There are 2 protein chains.
Amino acid sequence: MHTCTDAFDCFVSRVLPKRTGPETVRLFRTLGSHVHLKPDRHLHYPDDEPTLVFLCDGATKLVAHASDHREQVLAFHFTGDLLTLPAHGAHSYTLEALVDCDLMTFPYAQFLQAAEKHQQVLTQLLERSTVSLQRSREKTLTLGRKSALERVSSFLLSMAERIGRGEGSEVKLDLPMSRKDIADSLGLTIETVSRQFTLLRDQGLIRTQGRSGVTLLRVDELDRRAGHLRVAA
Amino acid sequence: MHTCTDAFDCFVSRVLPKRTGPETVRLFRTLGSHVHLKPDRHLHYPDDEPTLVFLCDGATKLVAHASDHREQVLAFHFTGDLLTLPAHGAHSYTLEALVDCDLMTFPYAQFLQAAEKHQQVLTQLLERSTVSLQRSREKTLTLGRKSALERVSSFLLSMAERIGRGEGSEVKLDLPMSRKDIADSLGLTIETVSRQFTLLRDQGLIRTQGRSGVTLLRVDELDRRAGHLRVAA
DNA sequence: GTATCTCATTGATCCAGATCAAGGAGCGCC
DNA sequence: GGCGCTCCTTGATCTGGATCAATGAGATAC
């Protein structure tokens with residue numbers, strides 16, 4: 001994935017409905033911009049109007065900035081995700097690349113206008129927005145009421161769902177984010193996250209390979225550690 | 001607001017576009033159910049499919065339940081709000097009335113189908129969903145990175161925005177939720193919330209009248225306490 | 001291959017907010 | 001209008017995770 005055309009084609013095939021007319025495709029093309037981001041770089045976008053982003057390839061984090069230099073990671077995104085960057089309000093937001101990323105950006109208002117005649121696009125936007133809201137609510141519960149161990153377990157399970165490769169009863173993960181990113185996402189410190197990893201490793205629930213490799217060995221036990229509701233035993 | 005007809009009319013006038021045809025209105029009527037909830041009662045809804053709720057009148061809280069009996073308030077809603085109750089996943093959710101409430105409920109999937117021909121309804125659904133997501137993200141930052149005092153200040157400011165009555169430079173609030181609800185919303189305990197109220201009162205930033213009355217005396221100072229980004233000084 | 005630099009782990013101490021424990025005040029009920 | 005109950009406030013103590021402080025291990029550059 002390198003050229004602007006590739007990126008746009010990727011957007012077309014994954015977001016627009018199958019038999020979208022060529023004139024509509026052309027309309028979206030005039031609205032969208034292709035951006036390549038290197039790791040640790042953040043997307044520059046107008047802070048007074050929301051922007052729609054389609055992540056063609058890569059992984060990003062959405063970060064909220066409070067006063068001081070405190071940061072909270074609101075969400076991680078992976079290849080194929082569609083997300084809305086809010087205009088800055090009481091806090092400011094940035095989208096930062098975790099690895100090399102290709103994305104398409106659209107001014108939200110104009111995109112919406114273009115989509116109005118194609119309710120399948122609207123429906124999809126709504127659907128994806130609902131999934132984001134759902135994830136955000138789970139995060140709220142995690143941050144509001146869970147212990148460090150529960151947070152880290154929840155995090156691993158959620159990553160397993162999104163980027164895990166199942167191998168028998170195990171799930172392999174290649175985490176694109178650093179311990180700092182995980183800590184900022186879970187409302188913890190690097191040290192605490194590291195200690196929970198060690199704890200889970202010592203209990204035989206996970207194995208780690210290098211900085212980014214994690215294998216979940218006992219998903220059932222992790223579910224219990226995560227404080228999830230017992231599925232009727 | 002008491003009869004089923006009143007409630008549905010309220011929904012029609014606040015959610016459906018102005019010149020919606022009578023046959024469409026009739027369609028939505030067949031999908032919707034009117035429910036009255038007394039304080040502390042919760043809405044019963046199928047746990048395997050999402051439900052759309054329009055709050056005609058009253059105030060509610062959306063609560064997530066983790067294992068043990070820990071609860072996290074995900075959001076408060078007030079008259080005129082439209083919200084989506086997710087199907088239960090790793091956690092379960094309930095919608096509970098804070099005061100007497102009238103609401104209209106719709107099966108989400110069927111509502112969406114009915115709305116497909118009316119992209120104004122879709123657009124509105126999307127818009128409201130985006131606002132919910134935005135609020136949820138602010139909450140994430142609050143729960144992840146803010147101190148008790150910052151959380152309570154943020155909470156008061158957010159309530160001021162939604163249900164405050166401005167009187168000169170002051171804002172009057174009549175909070176429909178208990179200290180317990182506030183604590184469960186901010187990831188704190190009742191005691192800590194109470195102590196922050198006392199602190200803010202002692203600093204002359206708020207005045208309290210009885211259990212539910214709060215007057216914000218210094219919105220600017222509260223903004224500072226809330227850890228909001230300084231508006232270019 | 002190895003030097004170096006960054007990121008992760010581990011250990012020691014500290015503190016904000018939880019927990020435990022009484023009082024006090026508002027509000028509904030009779 | 002006062003009785004009683006619930007919710008709120010205040011105080012004392014405890015603790016999980018933050019902070020401070022070294023190591024240790026992976027990745028990158030040469």
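Predicted model only: the values in this text are computed from it and were never measured.
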Pair A:H91 and B:H228, ring centroids less than 6.0 Å apart: yes
So, does B:E170 use its side chain to make a donor-acceptor pair with the main chain of B:T215 at under 3.5 Å? no
Could you check if a side-chain atom of B:L103 sits within less than 4.5 angstrom of a side-chain atom of B:H34, using non-hydrogen atoms only? no
Any donor-acceptor N/O pair, A:R145 side chain to B:L188 backbone, under 3.5 Å: yes
Within the 3.5 Å criterion, strictly below it, is a donor on B:T208 or B:R201 matched to an acceptor on the partner's side chain? yes
Considering only heavy atoms of chain A and a distance under 4.0 Å, specify the first and last nucleotide of DNA chain D in 5' to 3' order that meet this criterion. D:dG17 to D:dG26
Name the stems with DNA chain C in them: runs of three or more consecutive Watson-Crick or G-U pairs, distances under 3.5 Å? C:1-22 with D:9-30, C:24-30 with D:1-7
Ignoring hydrogens and geometry, is there a side-chain-to-backbone donor-acceptor pair from B:Q72 to B:D184 under 3.5 Å? yes
Sorted by number, the residues of residues 173-192 of chain A with heavy-atom contact under 4.0 Å to DNA chain D: A:G187, A:L188, A:T189, A:E191, A:T192
Using atom types as modelled and distance alone, determine if a side-chain donor or acceptor of B:T142 lies under 3.5 Å from a backbone N or O of B:E138. yes
Kindly indicate whether the side chain of A:R201 and the base of C:dT10 share any N or O donor-acceptor pair separated by less than 3.5 Å? no
Donor-acceptor pairs under 3.5 angstrom involving side-chain atoms of residues 41-53 of chain A: please list them, not counting sequence neighbours.
from	atom 1	to	atom 2	distance (Å)
A:Y45	OH	A:P86	O	2.9
A:Y45	OH	A:H88	NE2	3.2

Aromatic ring proximity A:F11/A:F106, centre distance under 6.0 Å: yes
What parts of residues 137-157 of chain B reach DNA chain C, counting only heavy atoms under 4.0 Å away? B:S147, B:A148
Could you go step by step and tell me if A:L205 and A:R225 meet the side-chain contact (heavy atoms from CB on, under 4.5 Å) rule? CA-CA 10 Å; A:L205 304 193; A:R225 299 289 188 290; 3.8 Å; yes
Given B:D81, which of B:R162, B:R128, B:R135 fulfils the salt bridge (charged side-chain N to carboxylate O under 4.0 Å, His left out) condition? B:R162
Salt-bridge present (A:E150, B:R70; N to O < 4.0 Å): yes
Where do N or O atoms of nucleotides 22-28 of chain C meet protein N or O atoms at under 3.5 Å, pair by pair?
from	atom 1	to	atom 2	distance (Å)
C:dG26	N3	B:R211	NH2	3.2

How far does CG of B:L95 sit from OG1 of B:T60, to the nearest 0.5 angstrom? 4.5 Å
With distance as the sole test, does B:S153 use its side chain to make a donor-acceptor pair with the main-chain N or O of B:L149 at under 3.5 Å? yes
Distance-only polar pair, side chains of B:R151 and B:Q196, donor-acceptor under 3.5 Å: no
